[in-house]
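Hydrogens, waters and symmetry mates are skipped; everything else that's a heavy atom, side chains included, is used.
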Amino acid sequence: MKEEIPVLKGKTKKELEEICVSLGLEKYRAAQIYTGIYKSRYTTIDQFTTLSKEVREKLKEHTQYPEIEIGRDLVSKEDGTRKFTFYVGENKEIEAVWIPSGDGGRKTICISSQIGCTLNCKFCATGLLEYKGNLQTWQILDQVLQVERLVGDRATNIVFMGMGEPMHNYFSVMKAAHILRDKDAFGLGALRITISTAGVTTGINRFIENKEPFNFAISLNHPNPNARSSVMDVNDKHPLEKLIDSAKRFTKDLDRAITFEYVMIPDVNMGRDNAERLAKIARSVNKCKINVIPLNTDFTGWRRPTDDEVKDFVMHLKAKTTAPILNRRSPGRDINGACGMLALKGIRSETTK
């Protein structure tokens, strides 16, 4: 794919107007192309029947309309979660996950922002991969387009919690999020889109300064500033104290709650002292909620907590904070589609379609 030939996907309406003008087309054609890509979800330029055949031929000659290539499609026998592997270049794979709620009301797509990851969170399989680059905006959005087409349904929520650190691909991620939000495109509400970070404070501060309207989540995973680096190497560059300062600024300046994601690891971050530290952080931030998640991976030698250990940790946490606490559990764990498992290829059950 030659970079000098523009890709229509991933473009804003203004960028499409510039492409149309450069091709000698009327500027208003951009709106037709924009809605055709994102609202009508056309898979080929020939499907843009609001455009004349002459215009379509010009677009086919001077622009690109690619798709990421589907590889594996795995279906959980336990909860209907589906994990998709896509190819985005030679020896370059990413994964996205379709997560339906039990009652069918909430349908979430977890999407990736990088090929591999720039960080190395000890519990996360993606951190073991070689980092092979940032995804372009069109590749981020095409995960949504492809997953929806493959499952035959539309998402109600999008979370940027797949492979990669979204704040290290900030501009492509935010551009994608705004297109997902646009009523003339995907039409999702801003609060149905969640951007996450492992704790890159520079990205959080930029998000606040830009007054971005989306939900925001921080993967906290350890409340002790002296121990967090043993779980997440991002803490070396962006210490916990500064991270919490950014979280406080988020809730104050944007007047919205922030979410803390907390992977529970026995003998690492689940003691009563850690519950109290986490509760203290929640109280200091004021507007926040906490999602607790049992550890899903075992390649570190760490083990998954028992139900009783989870219950005990949450009980101690609730005793010290009024922040809402949700056990996110582990949808898609049998297909390596749960938190921290993306990029794992060993499948526990025969679920390949």
Strictly distance-based, threshold 3.5 Å: is any side-chain N or O of [X] a donor or acceptor partner for the main-chain N or O of [Y]?
X	Y	answer
Asn269	Ile265	yes
Arg106	Thr156	no
Lys175	Gly10	yes
Asp142	Ile68	yes
Thr126	Cys117	no
Asn235	Leu240	yes
Lys9	Pro66	yes
Ser112	Gln114	no
Asp334	Lys77	yes
Ser196	Phe160	yes

Over all heavy atoms of both residues, which pair between [X] and [Y] is shortest? Give the atoms and the distance, please.
X	Y	answer
Ser229	Asp236	OG-OD1, 2.7 Å
Lys320	Arg283	O-NH1, 2.7 Å
Trp98	Lys107	CH2-CB, 3.6 Å

More than 12 non-hydrogen atoms from neighbouring residues, nucleotides or ligands closer than 6.0 Å to [atom1] on [X], yes or no?
X	atom1	value
Lys60	NZ	yes
Glu241	CD	yes
Arg272	CZ	no
Arg303	CZ	yes
Lys132	NZ	yes
Asp307	CG	no

Specify whether [X] and [Y] have parallel, tilted or perpendicular ring planes, treating 30° as the upper limit for parallel and 60° as the lower limit for perpendicular.
X	Y	value
Tyr65	Phe48	perpendicular
Phe214	His178	perpendicular
Tyr34	Tyr38	perpendicular

Check this for me, if you would: do [X] and [Y] make a salt bridge, where the nitrogen-to-carboxylate-oxygen distance has to be below 4.0 angstrom?
X	Y	value
Arg333	Glu78	no
Arg328	Glu261	yes
Arg72	Glu93	yes
Asp298	Arg304	no

So, [X] versus [Y]: side-chain donor-acceptor pair below 3.5 Å or not?
X	Y	value
Glu165	Ser113	no
Asn296	Ser330	yes
Asp184	Thr35	no
Asn221	Ser219	no

Would you give the length of the straight line joining atom OG1 of Thr321 to atom CG of Leu278, rounded to the nearest 0.5 angstrom?
->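 If we round to the nearest 0.5 Å, Thr321:OG1 and Leu278:CG are 8.0 Å apart.
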Counterpart residues, ring pair (Phe, Tyr, Trp, His ring centres under 6.0 Å), relative to Tyr131 (two or more places apart) =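 If we apply the ring pair (Phe, Tyr, Trp, His ring centres under 6.0 Å) test to Tyr131, skipping adjacent residues, there are no hits.
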